[in-house]
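Just below is one structure, and these are the notes that go with it.
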Protein chains: 4
Amino acid sequence: MTADGISIGVNHASPVPPYEQLRAQLADLIAVGRLGQGARLPSVRQLASDLGLANNTVVRAYRELEAAGLVESRRGSGTQVIAPSATTGIEVKLAEHTSAYAAARQLNATNDEALAAIRYALAHLDRP
Amino acid sequence: MTADGISIGVNHASPVPPYEQLRAQLADLIAVGRLGQGARLPSVRQLASDLGLANNTVVRAYRELEAAGLVESRRGSGTQVIAPSATTGIEVKLAEHTSAYAAARQLNATNDEALAAIRYALAHLDRP
Amino acid sequence: MTADGISIGVNHASPVPPYEQLRAQLADLIAVGRLGQGARLPSVRQLASDLGLANNTVVRAYRELEAAGLVESRRGSGTQVIAPSATTGIEVKLAEHTSAYAAARQLNATNDEALAAIRYALAHLDRP
Amino acid sequence: MTADGISIGVNHASPVPPYEQLRAQLADLIAVGRLGQGARLPSVRQLASDLGLANNTVVRAYRELEAAGLVESRRGSGTQVIAPSATTGIEVKLAEHTSAYAAARQLNATNDEALAAIRYALAHLDRP
DNA sequence: GTGGTCTAGACCACT
DNA sequence: GTGGTCTAGACCACC
C-alpha cells in the first residue's frame, strides 16, 4: 500500500519480471481511471523502497509507461499521468482483458459459457 | 498450429519468457479439457521445431507441468496428460481468471460493471 | 521566442540535458553572428521563465559559455557577447558541423555524395 | 574498432550520455547501409568490454534500437539488423542531418551559403 | 556462448 | 527533494 492509497505488489516468484508487473498494474490503474490526468505517481525512490526493489527497476517501469504515452516524467518534478483522450471504464478494461485471455488460451467459449463464467467470478469475489 | 490441432504460439517480444508462455498455454488447455486424460502432448522435438525453439525450452515447460502434476513423462511413451481430479470447465477457468485479474488489478468492479464487461467481451469476440 | 527575436527551445524528451541544449543553441547563434559582439543575452530570469526552466539551469548554460570565452557576465550589466577573434560565418559553421558529423558517423562520404547531400538538403529546406 | 570493422567511440566528457552516443552511431550505420539487413551487431559483452562500458549501457542502446524497429534481439542468438524498407543512402542521411541542424540552429542559410559550406567541409575532411 | 533482469550504490541534472 | 544514468557483478533464460 503506497501513500496515495493505491496498492501495488510484486511477486518475486513469478516468471514475469518485476518491472513488468509494476508496469502492468500502473497501466491498469491509469486505464481504469483510478489514476487520472495529472495524478502523480509515487516517486521512484518511494516506490522502490516500499516494494523492496532497486531504484532502477522502478525507473524501468516508469520509462515504459512514458514510452507508451501514459505518463510523463520530469527531472525534479516527478512523474504524472497524462490522461488518455477517452478514459477507459472498468468494464471495458475487464472485458478487453477477458476477451483477450479467452482468445489467447483458445478457450472458444460460447456466449453461455462466458456468461456462466462471469456469474461464477462474481459469486466468488470477496467483496464487502 | 501443432500436429494435434492445438495451436500454440510464442511471442519473443513479450517480457514473459518463452518456457512460461508455453507452460501457461498447455496448462489452460488441460484445465479446460481440450487436452483430456491420457492425451499425448507433442514430442519435445516436434514442438520445439514447430515453434523455432531449442529443445531445452520445451523440456523446461514440460518439466514444470509435470511438477504441477498435470502431465507425466515416461521414456518411450512421451508425455501424457493426467486428468485433474475434477475436470475444470471452460466457464470455471474463465471465471477464475477474470476474478483473479480484477483482484490483482484492484479494479473493484461492481457486479453490474462485471456483467457489462462480459457482455462487451462477448460482443467483440470474433466468432463464426 | 525570446525578447530579442531569437528563439530557443528545449526538448525535455531528449537525452541531451536542457542546460546543454541551451548552451549549444546560444553558442551557435554567437558563432554565426546572429548574436554579435556586445549583444546582450536575455536575463537569466527572463530566459528561465520563457522556457519553463529553473534559473539555475540557465545559469549553468551561461557559465559554460563564459568558461568558453564566448560571453562575459558582470553584475548589473547582465551577460554580453564577446565576439570571437574571427567571426565565423554561417557557411563555415555549417561546414564544420557537417564535416564533424560525417566523420563521427563514419559516413565516408565521397565528394560527390556530399554534394548530392547538400543539394538534397537545400531542396527540402522550407524557405520563403 | 570492433571486430566487424565498424568502429564506434564513446566520449565520456560529452554531456550526451554514452548509451545515446552508442545508439546514434549504430542507427546511422544502419540507416546508411553500412550495417545491412541481417548484419549482426557485436555482442553486448563484446561491445561493452571494447568500449570500457558496463554491459547494461550497451543493453540500453540495443533496446532503444529495437524499440525503433531497427534491430531485433533474441536471447541466445544475438542482435541482428532488420533492414529498413528503403535503405537510406549516405547523401540522404547527410542531407537530412545538415538540414535539421540548420533549422535547429536557425542558421537561415541561403543556398549559396549552404553550398559554400559543403565545399568548405569537403576541403577540410581528411581523406586519403 | 547469447541477451535480459536485478541489485546496490554512486554521481549528475533539475525544481 | 525529483528523475536519469552508470557501474560491477550477479543470476536467469535461451541456443
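Within every chain, numbering begins at 1; the chains are lettered A, B, ... in the order of the sequence lines, protein sequences first and strands thereafter. None of these values were measured; they are calculated from a predicted model.
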Task: Heavy-atom pair with the smallest gap, counting every atom of A:Y62 and A:L26 - done: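 Of all heavy-atom pairs spanning A:Y62 and A:L26, the closest is CE1-CD1, 3.7 Å.
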
Every protein N/O lying under 3.5 Å from an N/O of nucleotides 13-15 of chain E:
| from | atom 1 | to | atom 2 | distance (Å) |
| --- | --- | --- | --- | --- |
| E:dA13 | OP1 | C:R60 | NH2 | 3.4 |
| E:dA13 | OP2 | C:R60 | NH1 | 3.1 |
| E:dC14 | OP1 | C:P18 | N | 2.7 |
| E:dC14 | OP1 | C:Y19 | N | 3.1 |
| E:dT15 | OP2 | C:A54 | N | 3.0 |
| E:dT15 | OP2 | C:T57 | OG1 | 2.7 |

Open item on the list: Is it the case that the side chain of D:Q80 and the backbone of D:S73 share a donor-acceptor pair, with hydrogens and angles ignored and the cut-off at 3.5 Å?
Closed with: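 No.
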
Open item on the list: If we ignore hydrogens and angles and just use 3.5 Å, is the side chain of B:E72 paired with the main-chain N or O of B:I82 as donor and acceptor?
Closed with: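 No; judged by distance alone, with no hydrogens or angles, the pair does not exist.
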
Task: Pair A:L53-A:V10, side chain to side chain contact (heavy atoms under 4.5 Å, CB included): steps then yes or no - done: CA-CA 9 Å; A:L53 298 172; A:V10 167; 4.2 Å; yes

Open item on the list: Please enumerate all residues that pass salt bridge (Lys or Arg N to Asp or Glu O under 4.0 Å) together with D:R63, with sequence neighbours excluded.
Closed with: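 Applying salt bridge (Lys or Arg N to Asp or Glu O under 4.0 Å) to D:R63 gives none.
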
Task: For D:R75, salt bridge (Lys or Arg N to Asp or Glu O under 4.0 Å) partners two or more places apart - done: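 Listed in chain order: nothing, the list is empty.
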
Task: E:dT2 OP1/OP2 closer than 4.0 Å to side-chain N/O of D:S43 - done: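 Yes, D:S43 has a side-chain N/O under 4.0 Å of OP1/OP2 on E:dT2.
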
- [ ] State which residues pass side chain to side chain donor-acceptor pair (under 3.5 Å) with B:S14; sequence neighbours excluded, sorted by chain then number.
- [x]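 Scan of B:S14 (side chain to side chain donor-acceptor pair (under 3.5 Å), adjacent residues dropped) gives none.
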
- [ ] Pick base, sugar-phosphate or nothing for D:R45, based on heavy-atom distances below 4.0 Å to the nucleic acid.
- [x]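 Counting heavy atoms under 4.0 Å across all strands, the contact made by D:R45 includes a base.
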
Open item on the list: Only Watson-Crick and G-U wobble pairs with both distances less than 3.5 Å should count. Give DNA chain F in dot-bracket notation, marking inter-strand partners with |.
Closed with: ||||||||||||||.

Task: Residue pairs fulfilling salt bridge (charged side-chain N to carboxylate O under 4.0 Å, His left out) with at least one residue in residues 12-21 of chain C, sequence neighbours excluded - done: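 Non-adjacent pairs meeting salt bridge (charged side-chain N to carboxylate O under 4.0 Å, His left out): C:E20-C:R23.
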
